[in-house]
Amino acid sequence: MKLRTIQTEDDKHVKEVIIKAFEQSDHGHNGEVISVERMRDLPSDNQELEIVALIDNDIVGHGVLSEAVVKHEINDLKGLVLAPLSVVP
């Protein structure tokens with residue numbers, strides 16, 4: 001398996017991976033593709049934190065690390081959240 005940063009030409013295949021990954025879950029596909037597209041439109045989006053997994057040059061997985069802030073009365077804490085994570089069943 002090979003991991004690499006997403007490229008623009010991957011978008012169609014990533015959409016298919018996300019749908020396949022979630023359509024058989026108990027809750028089914030519930031707009032995860034739209035969520036990823038909206039995250040890409042945010043000013044904080046960093047394409048280097050969006051990766052795809054490939055086997056034999058086929059995309060079989062996708063993950064996004066997004067910046068998150070945990071509010072605290074003394075200090076706000078910044079971190080990364082891995083979501084969504086999609087793998088072809």
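Every heavy atom of this structure was used, including side-chain atoms; hydrogens, water molecules and symmetry mates were not.
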Which donor-acceptor pairs under 3.5 Å do the side chains of residues 67-89 make with protein atoms, sequence neighbours left out?
residue, atom, partner, partner atom, Å
K71, NZ, D76, OD2, 3.4
H72, ND1, I74, N, 3.0
D76, OD1, H72, N, 3.3

Problem - From Q7 atom CD to H13 atom NE2, the distance as rounded to the nearest 0.5 Å - result: 11.0 Å

Exercise for the section: Using a 4.5 Å cut-off on heavy atoms from C-beta on, say whether the side chain of H62 contacts that of I18. Expected result: yes

Fill in the blank from the handout: CD1 of I51 to CZ of R4, rounded to nearest 0.5 Å, is 11.0 Å

Practice task
Quick one: list whatever passes side chain to side chain donor-acceptor pair (under 3.5 Å) with E37, sequence neighbours left out.
Solution key: K15

Problem - For R38, side chain to side chain donor-acceptor pair (under 3.5 Å) partners two or more places apart - result: none

Practice task
Could you name each residue pair satisfying salt bridge (charged side-chain N to carboxylate O under 4.0 Å, His left out) that touches residues 55-66, not counting sequence neighbours?
Solution key: none

Exercise for the section: Give the C-alpha distance, both sets of side-chain angles, the deciding distance and a yes or no for side chain to side chain contact (heavy atoms under 4.5 Å, CB included) between V33 and I19. Expected result: CA-CA 7 Å; V33 170; I19 291 169; 3.8 Å; yes

Exercise for the section: Report the residues that fulfil salt bridge (Lys or Arg N to Asp or Glu O under 4.0 Å) with D11, sequence neighbours left out, ordered by chain and then residue number. Expected result: R40

Exercise for the section: Mind checking the CG-CD spacing from L65 to E50? Nearest 0.5 Å is all I need. Expected result: 10.0 Å

Handout entry: Common cluster, F22/V52, ILVMFWY with side-chain heavy-atom separation under 4.5 Å
Key = yes

Exercise for the section: Answer yes or no: does atom CD of E48 have more than 12 heavy-atom neighbours from other residues, nucleotides or ligands under 6.0 Å? Expected result: no

Exercise for the section: With the side chain counted from C-beta on, respond yes when L54 and M1 share a heavy-atom pair under 4.5 Å apart, and no when they do not. Expected result: no

Problem - Check: I59 and D10 side chains under 4.5 Å, non-hydrogen atoms - result: yes

